[in-house]
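Start at 1 and go down the list; that is how both ligands and their atoms are numbered.
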Amino acid sequence: MSKTFDVAVIGAGPGGYIAAIRAAQLGLNTACIDAWSNEAGGPAPGGTCTNVGCIPSKALLQSSENFEHARLHFADHGIATGEVTMDVAKMVARKVGVVKQNNDGILYLFKKNKVTFFHGMGSFVAAKDGGYELKAGDETLFAKQVIIATGSAARELPGAPFDEERIISNDGALRLKAVPRKLGVIGSGVVGLELGSVWRRLGAEVTILEALPAFLGAADEAVAKEAAKAFKKQGLAIELGVKIDAVKKDKKGVKVSYTDAKGGAQQLDVDVLIVSIGRLPYTAGLNGQAVGLMMGERGDVLVDAQCKTNLPGVWAIGDVVRGPMLAHKAEEEGVAVAERIAGQHGHVDFNLVPWVIYTSPEIAWVGKTEQQLKAAGVAYRAGQFPFMANGRARALGDTTGFVKMLADAKTDEILGVHIIGPYASELIAEAGVAMAFKASSEDIARICHAHPSLSESTKEAALAVDKRSLNF
Ligand code: FAD
Ligand code: NAI
């Protein structure tokens with residue numbers, strides 16, 4: 001006899017595992033099915049984020065940043081190190097350890113919350129008795145409600161399939177055995193910038209080829225400009241407006257033929273090529289057709305604003321549906337759907353989903369960019385404060401960048417905050433909280449911020465909206 005559940009979640013990435021935990025907290029008998037295996041064949045819940053995304057990339061970003069600091073900046077503090085070397089195998093082994101801690105943490109949380117975990121592929125068998133019969137590995141189960149959280153996979157460049165050795169996705173880029181002498185990256189999006197930075201810091205000569213004519217088009221233009229300047233100074237070569245014509249691989253490396261922005265034919269020879277041109281929703285093996293699940297043109301599961309699919313009792317969340325492909329967006333949708341299933345009123349505010357790029361300088365923003373406000377004809381006031389004028393940033397030895405705040409010209413409500421500089425990833429939380437409470441720039445300007453702290457720059461940017469910065 002098949003096991004029966006109130007809710008079955010397919011996929012244990014940040015969307016799925018959080019949805020399962022929240023559903024169980026709300027008293028629903030919950031199963032979570034995930035196919036990801038570690039090298040030993042055991043379960044590795046956490047999805048792309050934990051295994052080949054957010055967590056391992058941040059582990060390598062930290063290691064490579066420590067290396068760069070030791071090599072280039074410790075001397076400024078009077079610390080003599082002698083020659084600094086990097087043991088790539090050890091760095092990667094540390095990353096594997098960090099990933100495992102997170103995998104084990106999720107298995108522990110499933111136990112603690114009484115979520116029944118199945119390791120294996122989950123797929124639809126049939127709609128039955130007001131619910132769904134599913135396969136979970138070799139087992140069959142029945143669930144009244146199903147949450148699809150099957151995530152996404154890296155998009156391949158036509159004619160250049162991933163071999164994860166010479167032409168690599170995020171997966172291969174997180175487990176290179178040695179630092180390539182020359183590294184090519186196609187796509188100057190988030191993966192290209194973060195992982196390009198990791199290997200540049202370790203000594204690779206990195207060239208990024210980007211199709212669009214503008215750099216970091218989703219960011220505020222002032223931030224994108226500052227970022228381009230900083231990356232160039234670090235030696236990250238970024239070529240915009242290119243068209244990739246062909247990618248050829250041989251035993252020695254990869255040859256990329258492309259047309260540059262001026263229409264000239266160019267060739268880039270590299271040892272290894274990262275292809276980071278976006279991700280596609282992943283539903284292979286789900287067998288949605290067995291129950292008539294409606295899909296979009298990108299291969300995404302079609303959902304409404306509530307994450308409901310066309311099928312009664314079937315929901316979908318995270319990277320497999322519309323919206324930004326971010327772990328925290330997936331998590332928020334997971335919580336909201338679990339609460340809706342339990343009869344509550346789950347809610348996600350897409351305007352308040354923060355973006356963070358963990359390069360150095362870090363880049364983070366929430367809300368609208370200046371160009372979006374202009375395009376929408378919204379009257380706004382802008383305030384900006386440079387980290388150069390912040391005491392804590394000077395003490396840190398990291399004064400690149402600024403905080404920029406945009407507020408409604410009439411009501412003074414904060415409409416967007418854009419940060420480039422040290423710990424932008426942490427500083428952006430204050431902006432999110434303020435905007436969730438519909439704060440004005442005046443509210444932030446009147447809140448006591450600790451001195452000396454980087455967060456004083458946010459307060460100063462708020463003061464600058466009213467042209468009354470105190471320290472600049
Ligand atoms: P996923 O994390 O992709 O999880 C889906 C899970 O479902 C996987 O475990 C998969 O094996 C499983 N699965 C799929 N089909 C089935 C099936 N039929 N049966 C059983 N299991 C199945 N986002 C951030 O917010 N911050 C970051 O810093 C960040 N860094 C990133 C770095 C990199 C290099 C990459 C590639 C991505 C990064 N992201 C980051 C994006 C983030 O990883 C994704 O947005 C997030 O993982 C999406 O979560 P999800 O739960 O929707 O799907
Ligand atoms: P991306 O969408 O961020 O960037 C892809 C880039 O490739 C774009 O700039 C695009 O114009 C360019 N491109 C597309 N086709 C091209 C072509 N044929 N030739 C040259 N350039 C081309 O995608 P990326 O970097 O692969 O990351 C995937 C997703 O993962 C991100 O969108 C993001 O949602 C998530 N992510 C989030 C991170 C974070 O939050 N810190 C870190 C890494 C990934």
Worksheet entry | Contact (N/O only, under 3.5 Å) between A211 and ligand 2 | yes
Worksheet item: Which protein non-hydrogen atom lies closest to atom 52 (O) of ligand 1, naming both residue and atom, and how far is it?
Response: D319 N, 2.9 Å
Item to complete: Please work out which of G189, A160, A214, A327 has its closest non-hydrogen atom nearest to atom 4 (O) of ligand 2.
Response: G189
Worksheet item: With a 4.0 Å cut-off, would you call K262 and D260 a salt bridge?
Response: no
Worksheet item: Hey, is E139 close enough to K135 for a salt bridge, meaning N to O under 4.0 Å?
Response: no
Discussion item. Would G285 count as being in polar contact with ligand 1, using the rule that some N or O on each side must be under 3.5 angstrom apart?
Written reply: no
Worksheet entry | R279 near ligand 1 by a heavy-atom separation under 4.0 Å | yes
Discussion item. Taking D271 first and then K182, would you say they form a salt bridge - that is, a charged N and a carboxylate O separated by under 4.0 Å?
Written reply: no
Worksheet item: Would D245 and K243 pass as an ion pair if we require N to O under 4.0 Å?
Response: yes
Response to the item:
Nearest non-hydrogen contact to atom 15 (N) of ligand 2 from the set R155, K243, E194 belongs to R155
Discussion item. Can a side-chain donor-acceptor contact be found between S152 and D319 if the only test is distance below 3.5 angstrom?
Written reply: yes
Practice prompt. Using a strict 4.0 Å cut-off to heavy atoms of S152, name the atoms of ligand 1 that fall inside it.
Written response: 3 (O)
Fill in: ligand 1 contact on A149 by region, counting heavy-atom pairs under 4.0 Å
backbone
Discussion item. Suppose I only count heavy atoms of I33 and a 4.0 Å limit; which atoms of ligand 1 are within that range?
Written reply: 20 (C), 21 (N)
Discussion item. As an exercise, identify every atom of ligand 2 less than 4.0 angstrom from a heavy atom of I186.
Written reply: 19 (N), 20 (C)
Item to complete: Hey, can you tell me if W355 and W365 have their rings parallel, tilted or perpendicular (30° and 60° cut-offs)?
Response: parallel
Worksheet item: Looking only at N/O atoms, are L286 and ligand 1 under 3.5 Å apart anywhere?
Response: no
Worksheet item: When you measure from atom 42 (C) of ligand 2 to every protein heavy atom, which one gives the shortest distance, and what is it?
Response: V190 CG1, 3.2 Å
Item to complete: Around atom 7 (O) of ligand 2, find the nearest protein heavy atom and jot down its residue, atom name and distance.
Response: G187 CA, 3.3 Å
Worksheet item: Between the candidates G318, G323, S169, C49, which shows the shortest non-hydrogen contact distance to atom 47 (O) of ligand 1?
Response: C49
Worksheet item: Is there a heavy atom of I10 sitting under 4.0 angstrom from any atom of ligand 1?
Response: yes
Worksheet entry | Minimum heavy-atom distance between S188 and I238, given as atom pair plus value | CB-CG2, 4.2 Å
Fill in: Protein residue, atom and distance nearest to atom 44 (C) of ligand 2, heavy-atom basis
V191 CG2, 3.5 Å
Worksheet item: Are K229 and E226 within salt-bridge range, i.e. N to O under 4.0 Å?
Response: yes
Worksheet item: Is it true that K329 lies under 4.0 Å from ligand 1, counting heavy atoms only?
Response: no
Practice prompt. Could you list the atoms of ligand 1 found under 4.0 angstrom from a heavy atom of S57?
Written response: 32 (C)
Fill in: Option with minimal heavy-atom separation from atom 18 (N) of ligand 2, where the choices are I357, L212, L61, L157
L157
Fill in: Minimum-distance protein heavy atom relative to atom 25 (O) of ligand 1
A327 N, 2.9 Å
Item to complete: Establish, from distance only, whether the side-chain atoms of E239 and Y258 form a donor-acceptor pair under 3.5 Å.
Response: yes
Item to complete: Looking only at protein heavy atoms, identify the closest one to atom 16 (C) of ligand 1 and say how far it is in Å.
Response: T150 CG2, 3.6 Å
Discussion item. My understanding is that we take every heavy atom of each candidate and find the minimum distance to atom 1 (P) of ligand 1. Doing that for T48, I18, V190, which one comes out nearest?
Written reply: T48
Worksheet item: For residues H418 and T369, is any side-chain donor paired with an opposing acceptor at under 3.5 Å?
Response: no
Item to complete: Under 4.0 Å from a heavy atom of I244: give me the atoms of ligand 2 that qualify, with their elements.
Response: 19 (N)
Fill in: Test of proximity, Y282 against ligand 1: N or O pairs below 3.5 Å
no
Response to the item:
For N103 and T50 the tightest heavy-atom approach is ND2-CG2, 3.5 Å
Worksheet item: Below 3.5 angstrom, do we get any N/O pair linking Y358 and ligand 1?
Response: no
Worksheet entry | Close side-chain approach of V242 and L240, heavy atoms under 4.5 Å | no
Discussion item. My understanding is that we take every heavy atom of each candidate and find the minimum distance to atom 8 (C) of ligand 1. Doing that for V9, D34, V52, which one comes out nearest?
Written reply: D34
Discussion item. How about NZ on K100, more than 12 heavy atoms from neighbouring residues, nucleotides or ligands closer than 6.0 Å, or not?
Written reply: no
Fill in: Protein contact to atom 2 (O) of ligand 2 [nearest heavy atom, distance to 0.1 Å]
G278 CA, 4.1 Å
Worksheet item: So which protein heavy atom does atom 5 (C) of ligand 2 come closest to, and at what separation?
Response: S276 O, 3.5 Å
Discussion item. Is it the case that over 12 heavy atoms from other parts of the model lie below 6.0 angstrom from the CD atom of E205?
Written reply: no
Worksheet item: Would you find more than 12 non-hydrogen atoms of other residues, nucleotides or ligands less than 6.0 Å from Q371 atom CD?
Response: yes
Discussion item. Among all the protein's non-hydrogen atoms, which is closest to atom 18 (N) of ligand 1, and how far away is it?
Written reply: G122 O, 2.9 Å
Fill in: Donor-acceptor pair, side chain of T309 and main chain of V314, under 3.5 angstrom
yes
Worksheet item: Is it the case that more than 12 heavy atoms not belonging to E156 sit under 6.0 Å from its CD atom?
Response: yes
Fill in: Which residue and heavy atom of the protein sit nearest atom 33 (C) of ligand 2, plus the separation
M325 O, 3.5 Å
Fill in: Test item: side-chain donor near acceptor, D269 and Q267, under 3.5 Å
yes
Worksheet entry | Carboxylate-amine/guanidinium proximity below 4.0 Å for E68 and R200 | yes
Worksheet entry | Element-labelled atoms of ligand 1 that are located less than 4.0 Å from some non-hydrogen atom of G120 | 20 (C)
Practice prompt. Give me the ring orientation class for F124 and Y132: parallel if the planes are under 30° apart, tilted from 30 to 60°, perpendicular past 60°.
Written response: perpendicular
Worksheet item: Looking at ligand 1, does any of its N/O atoms fall within less than 3.5 Å of an N/O of L174?
Response: no
Practice prompt. Would you indicate which of K58, R279, H328, K329 comes nearest to atom 29 (C) of ligand 2 when only heavy atoms are counted?
Written response: R279
Fill in: atom 11 (O) of ligand 2: nearest protein contact (heavy atom, Å)
E210 OE2, 2.6 Å
Item to complete: Run the numbers for me: atoms of ligand 1, each under 4.0 Å from some heavy atom of A35, listed by number.
Response: 20 (C), 21 (N)
Fill in: Of the listed options I277, V356, L209, closest to atom 17 (C) of ligand 2 (non-hydrogen atoms)
I277
Fill in: Nearest neighbour of atom 39 (N) of ligand 1 from the list G53, G15, C54, C32, on a heavy-atom basis
C54
Worksheet entry | Nearest atoms (heavy-atom pairs only) where V291 meets L311 | O-CD2, 3.2 Å
Item to complete: Heavy-atom contacts with G13 under 4.0 Å: which atoms of ligand 1 show up? List them by number with element.
Response: 2 (O), 4 (O), 6 (C), 51 (O)
Worksheet entry | Nearest neighbour in protein (non-hydrogen) for atom 41 (C) of ligand 1 | M325 O, 3.6 Å
Worksheet item: Just checking, is any N or O donor in the side chain of K368 or N351 under 3.5 Å from an acceptor N or O on the other one?
Response: yes
Discussion item. Distance under 4.0 Å to a non-hydrogen atom of H328: what atoms of ligand 1 satisfy this?
Written reply: 25 (O)
Discussion item. Please list, in number order, the atoms of ligand 1 under 4.0 Å from a heavy atom of G47.
Written reply: 2 (O), 4 (O), 8 (C), 9 (O)
